[in-house]
Structure formats: structure tokens, C-alpha cells
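We use all heavy atoms of the structure for the numbers below, so side chains are in, but hydrogens, waters and symmetry mates are not. Just so you know, ligand 1 is whichever comes first in the structure, and atom 1 is the first atom listed for that ligand.
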Amino acid sequence: MERTLVLIKPDAIQRGLIGRIIGRFEEKGLKIVGLKFMKLGDQLLNEHYSHLLDKPFFPGTRSFMQSTPVIAICWEGLDSVETVRRLCGITKAREAAPGTIRGDLAMSVQANLVHASDSIETAAAEVKRFFDDSELFDYDSAATGTIYSQDELG
Ligand code: UDP
Ligand code: MG
């Protein structure tokens, strides 16, 4: 099954929204295969946001992302990359659709609560960047057979 990376950002940590945000993904039916609390160093952040290095706002984004530790989660599910992105909503949180995490809980472009991988290729690279193999777990979840139909599970 597909895996994707989510970061719970410093604004969520400060606002006490960790549980609610994890809950949104859990209740959707995604399965946690890796989870940790970590401080992001300059090198990791520069790699993670390499598409933004030249942007004038990037120094601000980097210091925001370093203002508290963040929670990194690897979620697993069918089409999880697209599904998780849709659940998060668009970057500019105050314009994100109601029902999405950003749309329901945030107002800012920078402080938008969550990061989610934006393609299957990015997800594979990001999961590898944030987790060692030994930090990712294969285990049976009793809910899987209820969350999906048998033909979806193959
Ligand atoms: N960001 C920002 N100002 C901007 C655009 C982006 O501070 O004008 C921050 C914001 O936290 C965003 C992150 O940089 O989530 C990564 O930007 P990207 O365009 O990849 O958006 P995302 O994939 O998070 O929706
Ligand atoms: Mg992005």
C-alpha cells in the first residue's frame, strides 16, 4: 500500500491541535506506520523545502519550522498521497475548503498546521528522508478488512 509523509507543524504543536490533527487522519481510515517527535536541522529543512530555497519567504518558513519540534508521521493507505493532500487542503489556509484540516483550523499561508507529500515520488523520498527503515512498521490492523472492500485489497 502507498505511504506518505505528514509533518505536524509548530503552530499545531503550540495550539494544542496534535490530537485533533492525528485524529482526522485516523478516522479517515489511514494507518500509522511511523511516528516521531523531532527538531528539524537546517540541512534537513533545506532538502525538504528545496523547491522554496530561492523564495523571499523561505528564511521565515525555515525559522517557523524550527520554532518547536515537529511530529513526523508516515501514513499508509490506498492512494494515501492524494487522499492526505486533499484532507489537508490548499496552502493558503484561510482559503482552504471547509472540511479540510487547514480549512477548518487555520488562517495563515505559513502557519498552516501540516505538511503532506505532494506526489508519489516525493512521498517516497520524504518518507526516506524522515524515517530510517527500522522506524517504519509492518503490522496487521484489524480495521483494514472493514475500511476497504476485499477487491480493493486484492
Ligand atoms: N510557505 C510560506 N509562504 C508562501 C508559500 C509557502 O510560508 O508564500 C510555507 C508554508 O508553510 C507552506 C510551505 O512553505 O506549507 C511549503 O510550501 P508549498 O508550496 O510546498 O505548500 P504545501 O505543499 O505545504 O501546501
Ligand atoms: Mg509542498
Side-chain angles (χ1 to χ4, degrees), residues 1-137 147-148 152:
M1 275 209 198
E2 208 167 281
R3 290 180 171 184
T4 191
L5 178 83
V6 164
L7 300 177
I8 301 184
K9 294 184 179 183
D11 53 326
I13 310 293
Q14 296 282 18
R15 291 175 56 199
L17 293 174
I18 299 167
R20 284 182 72 180
I21 291 171
I22 292 179
R24 296 294 286 263
F25 296 110
E26 271 188 311
E27 62 197 9
K28 177 70 172 163
L30 291 146
K31 177 178 159 187
I32 290 185
V33 295
L35 184 151
K36 61 182 171 179
F37 200 35
M38 61 195 292
K39 271 204 121 158
L40 304 182
D42 286 345
Q43 194 185 330
L44 184 70
L45 266 175
N46 290 352
E47 279 174 33
H48 178 65
Y49 282 144
S50 60
H51 61 299
L52 302 177
L53 283 178
D54 298 338
K55 305 281 186 196
F57 61 80
F58 181 68
T61 305
R62 189 172 54 199
S63 69
F64 162 66
M65 291 297 289
Q66 293 178 323
S67 62
T68 70
V70 302
I71 293 174
I73 306 178
C74 180
W75 291 104
E76 188 177 84
L78 282 183
D79 302 325
S80 62
V81 174
E82 272 285 325
T83 302
V84 164
R85 281 289 283 191
R86 231 178 289 118
L87 216 49
C88 289
I90 62 168
T91 311
K92 189 176 181 180
R94 60 186 171 274
E95 292 179 4
T100 64
I101 292 167
R102 287 168 170 173
D104 286 350
L105 300 172
M107 288 292 284
S108 170
V109 176
Q110 179 181 85
N112 55 14
L113 302 173
V114 279
H115 164 83
S117 307
D118 64 8
S119 71
I120 291 176
E121 297 71 35
T122 312
E126 290 184 347
V127 168
K128 230 177 153 52
R129 182 173 301 130
F130 284 83
F131 290 94
D132 292 334
D133 285 347
S134 64
E135 296 172 322
L136 296 168
F137 299 93
I147 289 168
Y148 300 100
E152 286 170 317

Ligand 1-proximal atoms of [X], by part, heavy-atom distance under 4.0 Å:
X      : result
Leu52  : side chain
Tyr49  : side chain
Asn112 : side chain
Arg85  : side chain

Is there a heavy atom in [X] that sits closer than 4.0 Å to ligand 1?
X      : result
Arg102 : yes
Val109 : yes
Met65  : no
His51  : yes

Minimum side-chain heavy-atom gap [X]-[Y] below 4.5 Å:
X     : Y      : result
Pro10 : Met65  : yes
Ile21 : Val114 : yes
Phe37 : Val70  : no

Closest non-hydrogen protein atom to [atom], residue and atom name please, with distance?
atom                    : answer
atom 5 (C) of ligand 1  : Phe57 CZ, 3.3 Å
atom 11 (O) of ligand 1 : Gln110 O, 2.9 Å
atom 21 (O) of ligand 1 : Thr91 OG1, 3.2 Å

> Arg24 pairs by side-chain contact (heavy atoms from CB on, under 4.5 Å) with which of Leu17, Val84, Asp104?
Replying inline: Asp104

> Once the angle between the rings of His115 and His48 is folded into 0 to 90°, is it parallel (under 30°), tilted (30 to 60°) or perpendicular (over 60°)?
Replying inline: perpendicular

>> Between the side chains of Lys92 and Glu95, is the shortest nitrogen-to-carboxylate-oxygen separation below 4.0 Å, so that they form an ion pair?
In response: yes

>> Using a 4.0 Å cutoff against the non-hydrogen atoms of Lys9, which atoms of ligand 1 qualify?
In response: 10 (C), 11 (O), 12 (C), 15 (O)

>> Closer than 4.0 Å to some heavy atom of Thr61 - which atoms of ligand 1 meet that?
In response: 2 (C), 7 (O), 9 (C), 14 (O)

> Cation over ring, Lys36 on Phe130, under 6.0 Å and within 45°?
Replying inline: no

>> For Asp11 and Gln110, which I'm curious about, is there any donor-acceptor pair between the side chains at under 3.5 Å?
In response: no

>> Does either side chain, that of Thr83 or that of Ser80, offer a donor lying less than 3.5 Å from an acceptor on the other one?
In response: no

> Would you say His115 has any N or O atom under 3.5 Å from an N or O of ligand 1, going by distance alone?
Replying inline: no

